[in-house]
**Q** 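I'd like to ask some things about the structure below.
Owing to the predicted nature of the structure, the values given are computational and were not obtained by experimental measurement. Every heavy atom of this structure was used, including side-chain atoms; hydrogens, water molecules and symmetry mates were not.
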Amino acid sequence: MRKHGCRKVRRLRRTMAELGEADEAELQRLVAAEQQKAQFTAQVHHFMELCWDKCVEKPGNRLDSRTENCLSSCVDRFIDTTLAITSRFAQIVQKGGQ
């Protein structure tokens, strides 16, 4: 997935030379959005690996309750951390705009 996103970004950058100023600004915005998506996806995959390594001792057909609780707690921590970071970032951006 990450390689596909990088190819998209390179392809978009190549076409920028052929565009006018307004189109180039819009394309730069789209490139930035694609890069953010790719970065977020990579972070989610990394986080999933961490939770898997931490919680799943022996993969099987079903998750036992201990593993299920561990994965749930791991995901909850991820969501809480992401919300806290997002909130803090929004505060910083808001202060910078004033």
**Q** Checking one residue: Ile85. Which other hydrophobic residues are in its cluster under the side-chain 4.5 Å linking rule?
**A**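 Via sub-4.5 Å side-chain contacts, Ile85 links to none.
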**Q** Looking at residues at least two apart in the chain, or sitting in another chain, which of them share a salt bridge (Lys or Arg N to Asp or Glu O under 4.0 Å) with Lys54?
**A** none
**Q** Find out if the SG atoms belonging to Cys55 and Cys74 lie under 2.5 Å from one another.
**A**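 Between Cys74 and Cys55 there is no disulfide, given that their SG atoms are not under 2.5 Å apart.
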**Q** Identify, with sequence neighbours excluded, every residue that meets side chain to side chain donor-acceptor pair (under 3.5 Å) alongside Asp64.
**A** Thr67
**Q** Group every Ile, Leu, Val, Met, Phe, Trp and Tyr by side-chain heavy-atom contacts under 4.5 Å, then state whether Phe40 and Phe89 land in the same group.
**A** no
**Q** Tell me, which pairs form a salt bridge (charged side-chain N to carboxylate O under 4.0 Å, His left out) where one or both residues lie in residues 37-50, sequence neighbours left out?
**A** Glu34-Lys37
**Q** Test of understanding: with ring pair (Phe, Tyr, Trp, His ring centres under 6.0 Å), list the residues that count as partners of Phe47, not counting sequence neighbours.
**A** Phe78
**Q** Scan for side chain to side chain donor-acceptor pair (under 3.5 Å) pairs involving residues 77-90, sequence neighbours excluded, and state none if there are none.
**A** Arg88-Gln91
**Q** Holding to side chain to side chain contact (heavy atoms under 4.5 Å, CB included), I want the full list of residues that pass it with Glu57, two or more places apart in sequence or in another chain.
**A**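 By the side chain to side chain contact (heavy atoms under 4.5 Å, CB included) rule, Glu57 matches Arg66.
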**Q** Who pairs with Glu26 by side chain to side chain donor-acceptor pair (under 3.5 Å), at least two apart in sequence or on another chain?
**A**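 With neighbours one apart ignored, the set is Arg29.
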**Q** Using a 4.5 Å cut-off between side-chain heavy atoms of Ile, Leu, Val, Met, Phe, Trp and Tyr, which other residues end up in the same hydrophobic cluster as Val56?
**A** Trp52, Leu63, Leu71
